[in-house]
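In what follows, a single structure is set out as C-alpha cells and then discussed.
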Number of protein chains: 2
Amino acid sequence: MSTPLSIKIDRSSPIPLYHQVAQGIEGAIRDGSLASGTRLENEIELAQRLRLSRPTIRKAMDDLVQSGLLVRKRGVGTQVVSSQIRRHLELSSLNDDLERAGKKPSTTLLSFEHIPAPPEIQDLLSLPKDVSVYHFTRLRSAGGSPLALMENWVRDDIVELDETSLQAHGLYELLREAGVNFRLAQQRIGATTADEAQAKTLDAAAGSALVTMQRTAVDDTGRNVETGSHVYRADAYSFEMTLVQR
Amino acid sequence: MSTPLSIKIDRSSPIPLYHQVAQGIEGAIRDGSLASGTRLENEIELAQRLRLSRPTIRKAMDDLVQSGLLVRKRGVGTQVVSSQIRRHLELSSLNDDLERAGKKPSTTLLSFEHIPAPPEIQDLLSLPKDVSVYHFTRLRSAGGSPLALMENWVRDDIVELDETSLQAHGLYELLREAGVNFRLAQQRIGATTADEAQAKTLDAAAGSALVTMQRTAVDDTGRNVETGSHVYRADAYSFEMTLVQR
DNA sequence: TATGTCGCTTTGACAGGACAAACTATATAT
DNA sequence: ATATATAGTTTGTCCTGTCAAAGCGACATA
C-alpha cells in the first residue's frame, strides 16, 4: 500500500524544501521506482516521515499535479499518472529543446537589420514611439539537416544584438544573459504549405507541409520583449504538451 | 497606487473563498476595471480588507498567475498582465470551443464500429485484454462549412455509445454525462497536406495544409478513456495558448 | 559624481492546527 | 439479497503566526 519513497532533504540548501520534495518524487517517477498507477503515502504520513509540515508536502504535490505527473482524489489518495502522459509544454526555446534532446543545433543568420518598428510590430510589442527593433531571420538545423525558418523582432532598448552572437547562440539564451526574465508567452500553432523560397531554404519539396508558430513573449516587468513567426518542417517537428484540468 | 477593487465574499456559499476571490479579480480584469499594468493591493492589505487570511488570498493569486493573468515580483507587488496575453489552453473539446464562440457546430457521423481493440490502440489506452473499443470518424462543420475530420477510439467499459447520440452531441459532452471526470490529456500538434479523400470530405484542395492533432485523455481514476487523431483545415483553425514560466 | 549601505515594502517559504467533504468498506437492518 | 447507515481514511479549505529574501529608494560617504 504505502511505498517507502526515500527522499533526502537538505535544510541548509538554498533550494526550497517543497521543491526538494517535488524533485524527489519526480525523480522516483522518472527512474521507475514509483510505477504509474502507484498510490503514494498520504500527505500527513509523508510529512511526519520527512519531518516537514503538511503545507510543504501539499505545495510539492500541487506542483506535480500541475505538471501532470500526479492525480489526487479526496478520500482516496494520490496516484502516479499513466506513463504515456508526460510533461507540460513549457516556455522554452527550440534551441534549448534541441540541446536537451542531444541533437546539436546550428544556426545560419539569413538576414539582419536594425530598423524603426513597422506599425504592426509596434502594435504587437506595445512599443513606445521612440523604440526601434532588431529584425532578423535565421535557419535552424539539427544533425545537419534544416529544421526551422525563424523570423523575429526584438525591441532594442533591452539588449544589444549583433550578427556574430546570433550565429553562435540561441535568442533566448542571449536575452536571458542580458537579464531578461521571461514570464509568459502567447503562442499560436497552425499549418501551411511550403512556397518556393521556403522549400529551397528548408531543403524540402515545394508544397510540403509546414508547422507554423507565432509567439509573443513577455518578461517579468510586463514588457513584450520579442515576437516571432516560425515555420518547421512537419516531418521533423511537432508540438507536444500535457493539458491539465483545473 | 492601490486600486480599491471591491469583491463580494459569501461565506455561506459552497464555492471556496479563494475561488471567490480569484473570480472577483478575474472579473475586474476582464471588464476593464483593473487595467493591464495596474499594481494590485498587496496581499496583506487585501486580506485584511476582505477579512480573509493571507494564505487564502495567496491561493487565489497563485491560480491567476498560473492562468497567466497576473505576474508577481517579490519586493515590488502584483501586476495585471498586458492585455494581449490571455487565456491558458485548457482541456476542452472542439465542440465546446465552437459553441462558446457562438459558431453552431454540426456533426456528421461517417463511420461507426464496436470492435476488439487493435494492438496499437490497446497500447495507447493501456487496455486490459477483455475490453473492446468504439471506433468512429466524424466530420465537424461550423457555420455550414467543414472544419475538421476526427477519428476516435473510446473504451467500451465506461460509456455506451451509439450512432444517434454521436450525431447530436459532442463526444466530451457524452462522456461527462456518463460520469467521466477528465483530468489530463497528452496532445501532439503538427501539420500535413490533404490527400484526395481528406480534401474531398473537407471541401478543400488536395495538397492543401492541414493541422493535425493526436490526443489521449485520462480521467480522475487514471484510466485512459479516449484517444483520437484529428485533422483541421489550416485556413480555418489554429491552436492558441498562453505559456507560463514556472 | 559615483557608490555603497541601510531600511522599508512586498512576496516567498514554512510550521502547526482545526474542521469539512468525498470516498471506501464494513456492518446492520429490511 | 439489497439497501442503508456508519466509521475510517484521505484530501480540501482555512486560519494564525514567523522569518527570509528580493527589490527599491533615500541617504551618507568617498
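Naming: A, B, ... by sequence-line order, numbering from 1 per chain.
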- Would you please name every residue forming a ring-ring contact (aromatic ring centres under 6.0 Å, His included) with B/His19, sequence neighbours left out? none
Nearest whole Å is fine: how far is [N] [atom2] from [X] [atom1]?
X: A/Leu52; N: C/dA15; atom1: CG; atom2: C1'; value: 10 Å
X: A/Arg39; N: D/dT9; atom1: CZ; atom2: P; value: 12 Å
X: A/His19; N: C/dA13; atom1: NE2; atom2: P; value: 10 Å
X: A/Ile57; N: D/dT10; atom1: CD1; atom2: C1'; value: 15 Å
X: B/Glu45; N: C/dT9; atom1: CD; atom2: P; value: 12 Å
X: B/Ile15; N: C/dA21; atom1: CD1; atom2: P; value: 15 Å
X: A/Gln79; N: D/dT11; atom1: CD; atom2: P; value: 11 Å

- Query: Where the side chain of A/Thr56 is defined as all heavy atoms beyond and including C-beta, which of C/dA13, C/dA15, C/dT11 is the nearest nucleotide?
  - Reply: C/dA15
- With the side chain defined as heavy atoms from C-beta on, B/Pro16 is closest, among C/dA13, D/dT11, D/dC14, to D/dC14
Distance-only donor-acceptor hits, side chain of residues 56-65 of chain B, under 3.5 Å, sequence neighbours excluded:
residue: B/Thr56; atom: OG1; partner: B/Ser53; partner atom: OG; Å: 3.1
residue: B/Arg58; atom: NH1; partner: B/Glu43; partner atom: OE1; Å: 3.3
residue: B/Arg58; atom: NH1; partner: B/Glu43; partner atom: OE2; Å: 2.9
residue: B/Asp62; atom: OD1; partner: B/Arg72; partner atom: NH2; Å: 2.1

- Assign a letter to each nucleotide of nucleotides 19-26 of chain D from its 5' end: B, base within under 4.0 Å of a protein heavy atom; S, sugar-phosphate only; -, no contact. --BBS---
